[in-house]
Amino acid sequence: LDKNIREIFQIGFNPSGNSLSRYLSAKGYTQEQMCDANVANVYGGRVSDVFDGRITFPIHDASGKPIGFSARSMDPQNPSKYVNTNETDVFHKGNIVFNYHRARSAARHEGRIYVCEGVTDVIAFARAGISNAVCTLGTSCTAAQIALLKRSAARIVFCYDGDHAGQAATFRAGRMAVESGCEISIVVNQTGKDPDEIIASDGPEGLKNLVSKEMSWMEFVLSFLVKETNMSSYLDKKEMAEKAMTEINRLNDPMEREYFTSQLSKLTGLPLKPRSNERSTPVFTGKGAPAVVPDGLINAEDQILSMMLVSNEAVRRFEEQIGYLITREGQMLAMMIIDDVHTKGSCDPASLMDQSEDESLRSRIVSIASDHEWMN
């Protein structure tokens with residue numbers, strides 16, 4: 001890893017010989033404080049470093065404060081290649097998305113956030129010039145992590161390994177994201193290499209080429225379930241079809257429901273029909289506004305955006321409690337406002353106009369600006 005990457009990710013080293021605990025002790029920290037932070041343990045009355053002889057990758061919270069570490073052993077014989085900080089007063093693994101504070105801005109501009117399996121995968125993405133990548137410190141995604149990802153971009157792209165464990169984890173995380181109202185897609189890595197190895201063999205362009213080939217959620221679901229099913233057994237096919245139809249019936253687009261039901265019917269040989277989707281509240285899909293959106297919902301969306309323009313507190317509440325708007329333009333404007341507030345401390349309509357060449361989006365900014373003037 002070159003100096004630039006090491007500095008971006010603040011990669012360090014905890015020398016052998018309990019160097020860190022001795023250093024912290026000399027600085028006046030107690031054994032109890034070091035243990036509470038999980039940088040040291042006490043065995044038989046002696047203090048030892050948790051990350052002794054390991055390369056350290058600091059883990060930050062959503063605002064960029066370091067709260068823990070993932071640490072790689074330098075000893076090839078060590079069975080514990082990686083160790084992470086245990087649960088502490090500030091480090092709760094299920095609430096953390098590694099690199100989120102760095103990736104958030106790029107994710108909003110790109111309209112997608114890539115979710116990898118591990119820390120070194122995220123670093124490999126950065127080496128390839130892809131700065132909107134994160135990981136969840138293991139393949140088990142939690143509702144809290146999905147909520148963070150949902151607030152960062154219109155689309156979540158899962159990039160787990162192509163082996164069975166990675167694809168099973170993709171299926172679990174994808175279902176959770178879809179149930180939370182997220183638009184998702186999948187990058188299936190069938191190369192047998194992790195992102196770092198792809199860069200080593202094919203250069204940064206090799207990784208960029210891989211992630212450019214996204215698969216829709218339902219394409220992945222059908223492919224995954226077929227591999228998991230004994231297709232010569234009627235009962236197994238019936239169970240598989242029931243699982244797939246659960247996902248198909250969540251789709252908002254009637255054409256997609258019809259198409260994937262037809263594909264599933266061909267795969268299983270079973271007569272299938274999609275259930276009528278009676279959702280009364282449309283959701284943002286990243287593909288434009290829903291076919292019919294009641295005026296009241298558009299007005300409510302405009303009021304939210306107007307408040308975000310004049311109030312950083314409204315921006316914070318949107319990030320923490322709302323996360324999505326119902327139209328493409330509304331969602332894009334929200335992301336632009338959030339990014340301006342985070343980078344400049346405030347936002348105004350002129351700044352938004354300068355950032356966009358999309359006429360429909362610029363027209364929406366003018367409309368929002370009128371509300372902005374009325375509020376002033």
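The structure displayed is predicted, hence computed values, not measured ones. Excluded from the calculations below are hydrogen atoms, water molecules and symmetry mates; all remaining heavy atoms, backbone and side chain alike, are included.
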**Q** Distance from Asn99 atom CG to Thr136 atom OG1, nearest 0.5 Å?
**A**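 Separation between the atoms: 12.5 Å.
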**Q** Are the side chains of Val188 and Gln167 in contact, using a 4.5 Å heavy-atom criterion?
**A**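 Touching, per the 4.5 Å side-chain cut-off.
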**Q** By side chain to side chain donor-acceptor pair (under 3.5 Å), which residues pair with Ser21, not counting sequence neighbours?
**A**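 Ser21 satisfies side chain to side chain donor-acceptor pair (under 3.5 Å) with Asp49 once adjacent residues are dropped.
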**Q** Between Arg257 and Ile248, which heavy-atom pair has the shortest distance, and what is it?
**A**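 In terms of heavy atoms, the two residues are closest at CG-O, 3.4 Å.
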**Q** With a cut-off of 6.0 Å (strictly less than), are more than 12 heavy atoms of other residues, nucleotides or ligands near CG of Asp89?
**A**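 At most 12 heavy atoms, drawn from other residues, nucleotides or ligands, come within 6.0 Å of this atom.
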**Q** Using distance alone, with no hydrogens and no angle criterion, decide if Ser70 and Asn84 have a side-chain donor and acceptor under 3.5 Å apart.
**A**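 Present: a donor and an acceptor within the cut-off.
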**Q** Side-chain contact, heavy-atom cut-off 4.5 Å: Leu305 with Ile337?
**A**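 Side-chain contact under 4.5 Å: yes.
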**Q** Report yes if the side chains of Met218 and Leu222 come closer than 4.5 Å at any heavy-atom pair, otherwise no.
**A**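 When only atoms from C-beta onward are counted, Leu222 and Met218 do touch, with a gap below 4.5 Å.
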**Q** For a quick test of reading the model, state the closest non-hydrogen atom pair linking Gly28 to Gln33 and the distance between them.
**A**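 Minimum heavy-atom contact is O-OE1, 4.4 Å.
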**Q** Taking all heavy atoms of Phe69 and all of Thr85, pick out the closest pair and write down the distance.
**A**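 Shortest heavy-atom contact: N-OG1, 2.7 Å.
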**Q** Does His101 have any ring pair (Phe, Tyr, Trp, His ring centres under 6.0 Å) partners at least two apart in sequence or in another chain, and if so, which?
**A**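 Partners of His101 under the ring pair (Phe, Tyr, Trp, His ring centres under 6.0 Å) test: His60.
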**Q** What side-chain hydrogen bond (donor to acceptor under 3.5 Å, both in side chains) pairs are there with at least one residue in residues 225-236, not counting sequence neighbours?
**A**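 Only His164-Glu228, Asn230-Ser232 qualify under side-chain hydrogen bond (donor to acceptor under 3.5 Å, both in side chains).
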**Q** If we only count heavy atoms from C-beta on, is the Asn189 to Cys159 side-chain gap below 4.5 Å?
**A**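 Asn189 does not reach Cys159 side chain to side chain.
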**Q** How about Tyr82: does its OH atom have over 12 heavy atoms from other parts shown lying under 6.0 Å from it?
**A**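 Yes, OH of Tyr82 has more than 12 neighbouring heavy atoms, counting only those of other groups under 6.0 Å.
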**Q** Mind checking whether Val134 and Met176 sit in one hydrophobic cluster, side chains of I, L, V, M, F, W, Y counted as touching below 4.5 Å?
**A**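 Per the 4.5 Å side-chain linkage, Val134 and Met176 are co-clustered.
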**Q** Give a yes or no on whether Ile55 and Ile5 share a hydrophobic cluster (residues Ile, Leu, Val, Met, Phe, Trp, Tyr; joining criterion: side-chain heavy atoms under 4.5 Å apart).
**A**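 Per the 4.5 Å side-chain linkage, Ile55 and Ile5 are co-clustered.
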**Q** With sequence neighbours excluded, what pairs up with Phe158 under the ring pair (Phe, Tyr, Trp, His ring centres under 6.0 Å) test?
**A**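 So Phe158 forms a ring pair (Phe, Tyr, Trp, His ring centres under 6.0 Å) with Tyr160.
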**Q** Side chains of residues 120-133: which donor-acceptor partners sit under 3.5 Å, not counting sequence neighbours?
**A**
from   : atom 1 : to     : atom 2 : distance (Å)
Asp121 : OD2    : Gly118 : N      : 3.2
Arg127 : NH1    : Asp196 : OD1    : 2.6
Asn132 : ND2    : Arg112 : O      : 2.9

**Q** If I compare all heavy atoms of Val47 with all of Ala40, which pair ends up nearest, and what's the gap?
**A**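 Smallest heavy-atom distance, with atoms named: CG1-CB, 3.8 Å.
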**Q** How about Met231: does its CE atom have over 12 heavy atoms from other parts shown lying under 6.0 Å from it?
**A**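 Counting neighbours around CE of Met231, more than 12 heavy atoms of other residues, nucleotides or ligands fall under 6.0 Å, so yes.
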**Q** Should Met74 and Phe13 count as side-chain neighbours, where that means a heavy-atom distance under 4.5 Å?
**A**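 A side-chain contact exists here, since the closest heavy-atom pair is under 4.5 Å.
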**Q** Glu32: what forms a salt bridge (charged side-chain N to carboxylate O under 4.0 Å, His left out) with it, not counting sequence neighbours?
**A**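 Checked Glu32 against salt bridge (charged side-chain N to carboxylate O under 4.0 Å, His left out); zero matches.
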**Q** Is there a side-chain contact between Val211 and Val157 in this structure, where contact means two heavy atoms from C-beta onward sitting under 4.5 Å apart?
**A**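 Side chain of Val211 against side chain of Val157, heavy atoms only: no contact under 4.5 Å found.
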**Q** Would a hydrophobic clustering, with Ile, Leu, Val, Met, Phe, Trp and Tyr connected at side-chain separations under 4.5 Å, put Leu225 with Tyr259?
**A**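 Same cluster: Leu225 reaches Tyr259 through Ile, Leu, Val, Met, Phe, Trp or Tyr contacts under 4.5 Å.
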**Q** My understanding is that only residues two or more places apart in sequence, or in another chain, count here; which of them pass side chain to side chain donor-acceptor pair (under 3.5 Å) with Asn38?
**A**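 Partners of Asn38 under the side chain to side chain donor-acceptor pair (under 3.5 Å) test: none.
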**Q** I'd like to know whether NZ of Lys243 has more than 12 heavy-atom contacts from other residues, nucleotides or ligands below 6.0 angstrom.
**A**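 Atom NZ in Lys243 is not packed in, count stays at 12 or less.
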**Q** Identify the two heavy atoms, one from Asp253 and one from Met255, that lie closest to each other, and give their separation to 0.1 Å.
**A**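 Scanning both residues, the minimum pair turns out to be OD1-N, 2.8 Å.
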**Q** Please identify each residue that fulfils salt bridge (charged side-chain N to carboxylate O under 4.0 Å, His left out) with Glu258, with sequence neighbours left out.
**A**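 Applying salt bridge (charged side-chain N to carboxylate O under 4.0 Å, His left out) to Glu258 gives none.
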**Q** Taking the side chain as everything from C-beta on, heavy atoms only, tell me whether Leu137 gets closer than 4.5 Å to Ile96.
**A**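 Yes, at least one pair of side-chain atoms sits under 4.5 Å.
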**Q** Strictly distance-based, threshold 3.5 Å: is any side-chain N or O of Asp163 a donor or acceptor partner for the main-chain N or O of Gly166?
**A**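 At least one qualifying donor-acceptor pair exists.
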**Q** Could you list the residues that satisfy side chain to side chain donor-acceptor pair (under 3.5 Å) with Thr261, not counting sequence neighbours?
**A**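 Counting only residues at least two positions away or on another chain, Thr261 forms no side chain to side chain donor-acceptor pair (under 3.5 Å).
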**Q** Look up atom CG in Asn14 and atom CG in Leu20, then write down how far apart they are to the nearest 0.5 Å.
**A**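 Taking CG in Asn14 and CG in Leu20, the distance rounds to 5.0 Å.
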**Q** Just wondering, more than 12 heavy atoms not from Tyr23 lying within 6.0 Å of its OH?
**A**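 No, the 6.0 Å shell around OH holds no more than 12 heavy atoms from other groups.
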**Q** Got a second to check how far Ser180's OG is from Lys150's NZ, nearest 0.5 Å?
**A**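 Those atoms lie 6.0 Å apart.
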**Q** Restricting to salt bridge (charged side-chain N to carboxylate O under 4.0 Å, His left out), what partner residues turn up for Glu179, sequence neighbours left out?
**A**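 Checked Glu179 against salt bridge (charged side-chain N to carboxylate O under 4.0 Å, His left out); matches are Arg250.
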**Q** Kindly determine whether Ser63 and Asp61 satisfy side chain to side chain donor-acceptor pair (under 3.5 Å), including the steps that lead there.
**A** CA-CA 5 Å; Ser63 63; Asp61 64 15; 2.9 Å; yes
**Q** Can you tell me how far apart CD (Glu87) and NZ (Lys93) are? Round to the nearest 0.5 Å.
**A**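 Here the rounded value is 8.5 Å.
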**Q** Among residues at least two apart in sequence or on other chains, which ones pass side chain to side chain donor-acceptor pair (under 3.5 Å) with Glu7?
**A**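 Glu7 satisfies side chain to side chain donor-acceptor pair (under 3.5 Å) with no other residue.
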**Q** Phe224: what forms a ring pair (Phe, Tyr, Trp, His ring centres under 6.0 Å) with it, not counting sequence neighbours?
**A**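 Checked Phe224 against ring pair (Phe, Tyr, Trp, His ring centres under 6.0 Å); matches are Phe171, Phe220.
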**Q** Measuring from Leu148:CG to Ile156:CD1, what's the distance to the nearest 0.5 Å?
**A**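 Leu148 CG to Ile156 CD1: 10.0 Å, rounded to 0.5 Å.
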**Q** Taking the side chain as everything from C-beta on, heavy atoms only, tell me whether Trp217 gets closer than 4.5 Å to Glu183.
**A**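 The answer is no; the side chains never approach within 4.5 Å.
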**Q** Could you measure the distance from the CG atom of Leu210 to the CD atom of Gln190? Nearest 0.5 Å is fine.
**A**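 Interatomic distance, Leu210 CG to Gln190 CD, rounded to 0.5 Å: 9.5 Å.
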